[in-house]
Protein chains: 2
Amino acid sequence: MSISSTPTLQPMLRKLSYWGALGEADKAAALALPFKQKLIEAQKYTVRDGDQATHSCVLLSGFAYRHKVVGDGSRQILSINMKGDIVDLQNSLLGTADHNVQALTQCEVAFIPRDEIRQIAFERPNIGMAMWYDTLVDGSIFREWIANVGRRDAHTRMAHLLCEFALRLKVAGLGERDNYVLPMTQEQLADATGLTPVHVNRTLRALDEEGLISRDKREVRIADWKKLAAAGDFQSGYLHLHEDQTVTSEG
Amino acid sequence: MSISSTPTLQPMLRKLSYWGALGEADKAAALALPFKQKLIEAQKYTVRDGDQATHSCVLLSGFAYRHKVVGDGSRQILSINMKGDIVDLQNSLLGTADHNVQALTQCEVAFIPRDEIRQIAFERPNIGMAMWYDTLVDGSIFREWIANVGRRDAHTRMAHLLCEFALRLKVAGLGERDNYVLPMTQEQLADATGLTPVHVNRTLRALDEEGLISRDKREVRIADWKKLAAAGDFQSGYLHLHEDQTVTSEG
DNA sequence: CGACACGTTGATTAGGATCAAGAGTAGTGG
DNA sequence: CCACTACTCTTGATCCTAATCAACGTGTCG
């Protein structure tokens, strides 16, 4: 199953270290966690709503997303996950998955047994706190998304999403704040924003025509960060990033 | 500051015990946590977006809600909290509050220092896991709310909210599943569902006229649970309740 | 009894959904 | 190598759900 020559949980460690300082012993213990690595094709599920989860998935490369399907068959995307994310720490600790996890692009995923996660979390409080913190930041982003789909109009909503991606991709080392590739179709953007694909298309065009962004395929170029952040009612506090990365209203 | 003759964190302990078995020593340690008790009047804030949080609030009685205010001034309610809830474990652990916490009714609130929470969580893994679990269930409810405001129409959305309250109030020992008092104005229901007060009013009337619920002031009576759950696309899994309380589609 | 918050209802508007169709673009197989 | 296919993106026309605007009723409390 292993793909790369030196499979490693390094991306996860990077993320955890971001949330809280870890000692050398912590880092060694985290890297020593047992895992199975798999290559997941785009569109494949790694977790399905209702599954009894026994493992957590760490994204080593690629993008994944979590979503729910409601009664009439329409889909709501709940979050986008990228390199280093411990996708689904939630599902695995809660036992029963309450949503789906699906590969957005081809992904390398490390599966870590649930019990190993629990154990290291309590044997090594620094790691435990970083993991808890990670799930709390996840929760914070969910709250922002509730406000986004609940109370912002389509134009503001899209601008907000583009700003969030910009910062998160930058922090993950996957792009520049003002220039990145969005690995999603407009249909997926629609499912993330609670809009229709047609309206996403028009909203993006509007943002483009206003000079806030420019697009080439799925590459997004942010012409004026301050203006886009203002248009998107975006304040980065909810991402709980370190100060030097909270480039919200400043250049 | 103490109000009742025997101030106690018992409601919090009840909630934590619900998520995971605690030993006698765990329970004693939890009840021995230092706290300041205050009586909070309805509409008063206990936490404001942006605050540097130093304490967690435990609701000993009454109802509170968490919300965000977006750029155009409109408000999105993120969750309703009730007796026993450790409102804002998130904000206090993350350090900076990313949303507001406001009393819905008059509340008795116990404020526990943040460091005491962290300490007990790692000294007593059972308690730590229960707290983590609690924040994870919170996250699960947020995810469901994203789907609710993002992809369900007003009728379904309201029915879903009424079902959620029914179960949560019952589990908290504050009402019957088929008959409870909803301590919210229609304006607040609107802010929870991403609708307008006028449309909430009409939607409630529609549910009433269809015979799914009946109302008297703010008392809600659910005429036919199965029908309401079906109308609300409600499946209780996301609440992560124990099996005997997952009365979703059955009687 | 007056003030005020909350609930209710009607009339009209608007933001976004839906329906429909054509234009890239990439992959596939003969 | 090119036709075929399928997916994504784009645009136009129309419809509909929920928002907005407005007014009145009801209950409560000082």
Side-chain angles (χ1 to χ4, degrees), chain A residues 41-43 70-77 102 104-106 148-162 181-209 213-220 231 233, chain B residues 41-44 70-77 102-106 148-162 181-209 213-220 231 233:
Chain A
E41 294 303 319
Q43 313 309 328
V70 302
D72 68 357
S74 58
R75 182 178 60 166
Q76 176 66 47
I77 292 179
Q102 199 169 356
L104 191 49
T105 63
Q106 193 186 69
N148 208 34
V149 295
R151 285 297 188 212
R152 293 192 181 109
D153 64 22
H155 189 263
T156 315
R157 216 182 285 184
M158 272 306 308
H160 190 280
L161 194 69
L162 292 178
V181 175
L182 192 61
M184 299 171 74
T185 65
Q186 292 182 359
E187 185 177 14
Q188 288 161 341
L189 287 171
D191 286 338
T193 48
L195 301 169
T196 55
V198 171
H199 205 60
V200 164
N201 184 289
R202 291 182 170 131
T203 307
L204 286 173
R205 180 160 59 113
L207 289 169
D208 198 332
E209 286 172 353
I213 63 170
S214 57
R215 298 168 295 154
D216 181 18
K217 308 267 173 82
R218 292 180 190 169
E219 184 181 345
V220 175
D233 184 25
Chain B
E41 293 304 318
Q43 312 310 327
K44 295 289 181 198
V70 302
D72 68 357
S74 59
R75 180 178 63 166
Q76 176 66 46
I77 291 180
Q102 200 171 355
L104 191 50
T105 63
Q106 192 187 67
N148 207 35
V149 294
R151 285 297 189 213
R152 293 193 180 108
D153 64 21
H155 189 263
T156 315
R157 217 182 284 184
M158 272 305 309
H160 191 280
L161 195 68
L162 293 178
V181 174
L182 193 60
M184 299 171 74
T185 65
Q186 291 183 359
E187 185 177 15
Q188 288 161 340
L189 286 171
D191 286 338
T193 49
L195 300 169
T196 54
V198 170
H199 205 60
V200 164
N201 183 291
R202 291 182 171 133
T203 306
L204 286 173
R205 180 160 59 113
L207 289 170
D208 197 332
E209 285 172 354
I213 62 170
S214 55
R215 296 168 297 155
D216 180 17
K217 309 268 173 81
R218 290 180 191 168
E219 184 181 345
V220 175
D233 185 25

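Heavy atoms only: backbone and side chains are in, while hydrogens, waters and symmetry mates are out.
Rounded to a whole Å, the CZ atom of B/Arg151 is 9 Å from the P atom of C/dT18. Atom CG in A/Asp153 sits roughly 15 Å away from atom C1' in D/dT20 (whole-Å rounding). The nearest whole Å value for the distance from the NE2 atom in B/His199 to the P atom in C/dG10 is 15 Å. Atom CD of A/Gln43 and atom P of D/dT8 are 8 Å apart (whole Å). The separation between B/Met158 atom CE and D/dT17 atom P is 18 Å, rounded to whole Å. Look at CG on A/Leu204: it is 13 Å from C1' on D/dT8, rounded to the nearest Å. The distance from atom CE of A/Met184 to atom P of D/dC9 is 11 Å, rounded to the nearest whole Å. In this structure, CZ of A/Arg152 is placed 17 Å from P of D/dA19, rounded to the nearest angstrom.
Side-chain proximity of B/Arg202 to the nucleotides C/dA17, C/dA11, C/dT25 is greatest for C/dA11. Of the candidates C/dT8, C/dT25, C/dT18, the closest approach to any side-chain atom of B/Gln186 belongs to C/dT8. If you check D/dC9, C/dT18, C/dG7 against the side chain of A/Thr185, the one that comes closest is D/dC9. Candidate nucleotides C/dA20, D/dT20, D/dT8 were compared by shortest atom distance to the side chain of B/Thr196, and D/dT20 ranks first. Here D/dC9 is the nucleotide among C/dT18, C/dC6, D/dC9 with the atom lying nearest to any side-chain atom of A/Asn201. When each of C/dT18, C/dA26, D/dA22 is scored by its nearest atom to the side-chain atoms of A/Val198, the top-ranked nucleotide is C/dT18.
B/Arg215 comes within contact range of the sugar-phosphate backbone alone, with a heavy-atom separation under 4.0 Å but no base atom that close.
Side chain of A/Arg151 to main chain of B/Asp72: no donor-acceptor pair is present (N/O by atom type, distance under 3.5 Å, no hydrogens or angles). A donor-acceptor pair under 3.5 Å is absent between the side-chain atoms of B/Arg152 and the main chain of B/Arg157, judged by distance alone. In terms of modelled atom types and a separation under 3.5 Å, the side chain of A/Gln186 and the main chain of A/Val198 share no donor-acceptor contact.
At least one side-chain nitrogen or oxygen of B/Arg218 sits closer than 4.0 Å to the OP1 or OP2 atom of C/dG7. For the pair B/Arg205 and C/dT8, the criterion of a side-chain N or O lying under 4.0 Å from OP1 or OP2 is not met.
Under 4.0 Å is where a charged nitrogen must lie from a carboxylate oxygen, and between A/Arg205 and A/Glu209 at least one such pair does.
One distance of note links CG of A/Leu182 with CD of A/Glu219; it measures 11.0 Å at 0.5 Å rounding.
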